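First the structure, in the form of structure tokens, and then the observations on it.
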Amino acid sequence: MTTRTQQGMARTQQLQTRDYERMLDLAVAVLESDDPESSWQLITAQLLETVGCDSVTFSVVDVARLTGKVEGWAPPRLAAFVGDLVQRRVTQRHPLVSYTLSGESEPVTVGEIYAGWRHTQWYSEARRDFGITQQMGLPLPGAPGTARLVLMGRDGRFRPQDVAFAARLQPLLIGAANHIQELRRLRTAAPDLTTTHPSGHGLTPRELTVLGLLAEGLTAAGIARRLTISPHTVNRHLEKIYRKLGTNNRVSTVLLAQQVGIVP
């Protein structure tokens, strides 16, 4: 291997490490955000820059009903196209949507699973509306019955290094997606589940999510599975929750949280 090649590989590795750290910082910011509805806009905007794409969307599809929506996109100009985008892709059986709906989880480029990509309606629409000629799909496996897909587009090809980098990002994005999903669901059941609640005791959004799941009767292991984190991490969150609420066990913690109205 030549010195120039080694230097090039080293620069690529450094870039990916730095960008991965930026995505990790973003994931932490999402976990600390009190507004789950804006989180995917932040994530897609960061992916646009980090991966070096021309378009990024995050979509959720109900597998049984084959309905869904785009929950985040970048750049902002894509707002004009995302309204019926998921339904159109499902109806047209877009290769990356079908790939995700079938339960596949590995990041992949559309060219890898559909050789005639450049001669399809999908390609024509992507080039016309998004200005892209290649797409990479990053499925985010989650609850049964739901398919989640980050779809990245570029005017040019995705390299194997890009796909490998997407695979490194996948666990971070799955964790963020699960947190957003659970916090949103818990907010529907308990609108006062916010960090600004007068009796919130300084709980962070992540701690409020763990507390909400605790109030639903989930064990530490169950919460860990739901949020795609380790039971040890859950127990650390519980220790902080107990300390902030002045309690020392599950039952007293849930009772106090119910009394002050931060969980149903």
Side-chain angles (χ1 to χ4, degrees), residues 20-43 46 58 60 71-72 105 138-148 150 167-264:
Y20 182 79
E21 290 171 349
R22 289 170 63 189
M23 287 302 303
L24 180 60
D25 289 342
L26 177 64
V28 171
V30 167
L31 299 185
E32 294 176 348
S33 171
D34 208 30
D35 180 16
E37 302 310 318
S38 67
S39 295
W40 277 110
Q41 291 300 112
L42 295 173
I43 294 172
Q46 185 63 63
F58 170 71
V60 179
E71 294 193 358
S105 60
L138 176 56
L140 303 181
T146 300
R148 305 181 299 196
V150 174
R168 289 184 64 199
L169 293 178
Q170 190 179 43
L172 290 179
L173 296 177
I174 290 173
N178 290 348
H179 169 79
I180 294 167
Q181 176 180 299
E182 291 303 318
L183 183 56
R184 182 182 292 158
R185 184 182 63 80
L186 291 167
R187 286 277 174 84
T188 300
D192 289 335
L193 188 69
T194 68
T195 57
T196 58
H197 189 280
S199 301
H201 293 269
L203 296 175
T204 68
R206 187 61 153 177
E207 291 163 356
L208 285 168
T209 303
V210 170
L211 177 59
L213 294 173
L214 188 74
E216 291 185 349
L218 273 68
T219 63
I223 295 171
R225 286 192 296 271
R226 189 74 66 88
L227 297 178
T228 325
I229 56 179
S230 71
H232 175 70
T233 300
V234 173
N235 284 326
R236 281 194 297 152
H237 286 310
L238 290 175
E239 289 173 3
K240 293 178 182 178
I241 292 169
Y242 293 165
R243 185 170 65 251
K244 290 179 180 181
L245 294 183
T247 57
N248 57 15
N249 60 67
R250 168 192 296 264
V251 174
S252 62
T253 300
V254 171
L255 285 175
L256 176 60
Q258 289 173 334
Q259 288 170 4
V260 299
I262 53 178
V263 297

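Just so you know, these numbers come straight off a predicted model, no measurement behind them. Throughout, numbering of the chain's residues begins at 1 and tracks the sequence.
Interatomic distance, OG1 of T228 versus NE2 of H179, reported as 12.0 Å (0.5 Å rounding). Between the NE2 atom in H237 and the OG1 atom in T204 there is a gap of 7.0 Å [rounded to 0.5 Å]. With rounding to the nearest 0.5 Å, the separation of CD in Q181 from OG1 in T209 is 11.5 Å. Residue L218 holds its CG atom at 5.5 Å from CD1 of I223, rounded to the nearest 0.5 Å.
Shown here are the side-chain contact (heavy atoms from CB on, under 4.5 Å) partners of L238, two or more places apart in sequence or in another chain: V210, L214, V234, N235, I241, Y242. Applying the salt bridge (charged side-chain N to carboxylate O under 4.0 Å, His left out) criterion to E239, with sequence neighbours excluded, gives no partner residue. In this view, E182 and R185, R226 satisfy the salt bridge (charged side-chain N to carboxylate O under 4.0 Å, His left out) rule, not counting sequence neighbours. S252 meets the side-chain contact (heavy atoms from CB on, under 4.5 Å) test with T247, N248, N249; sequence neighbours excluded. Annotation: side-chain contact (heavy atoms from CB on, under 4.5 Å) contacts of A221 (sequence neighbours excluded): T219, R225. Residues satisfying the salt bridge (charged side-chain N to carboxylate O under 4.0 Å, His left out) test with K240, not counting sequence neighbours, are none. Partners of R236 under the side-chain contact (heavy atoms from CB on, under 4.5 Å) rule, at least two apart in sequence or in another chain, are H232, T233.
Using modelled atom types, one side-chain atom of Q170 and one backbone atom of P139 make a donor-acceptor pair closer than 3.5 Å.
The minimum heavy-atom distance linking A177 with W40 is given by the pair CB-CZ2, 3.6 Å. Counting all heavy atoms, side chain and backbone alike, S105 lies closest to P141 at CB-CG, 3.6 Å. Contact record, A167 with P171: O-CD, 3.4 Å, taken as the closest heavy-atom pair.
Inter-residue side-chain proximity for I43 and V150 is flagged as unmet; no heavy-atom pair is nearer than 4.5 Å. Proximity of R148 to I174: side-chain heavy atoms (C-beta onward) are separated by under 4.5 Å at one or more points. No side-chain heavy atom of L173 sits under 4.5 Å from any side-chain heavy atom of F58.
Pairs engaging residues 255-264 under the side chain to side chain donor-acceptor pair (under 3.5 Å) rule: none recorded [sequence neighbours left out]. Screening residues 202-212 for salt bridge (charged side-chain N to carboxylate O under 4.0 Å, His left out), with sequence neighbours left out, gives E207-K244.
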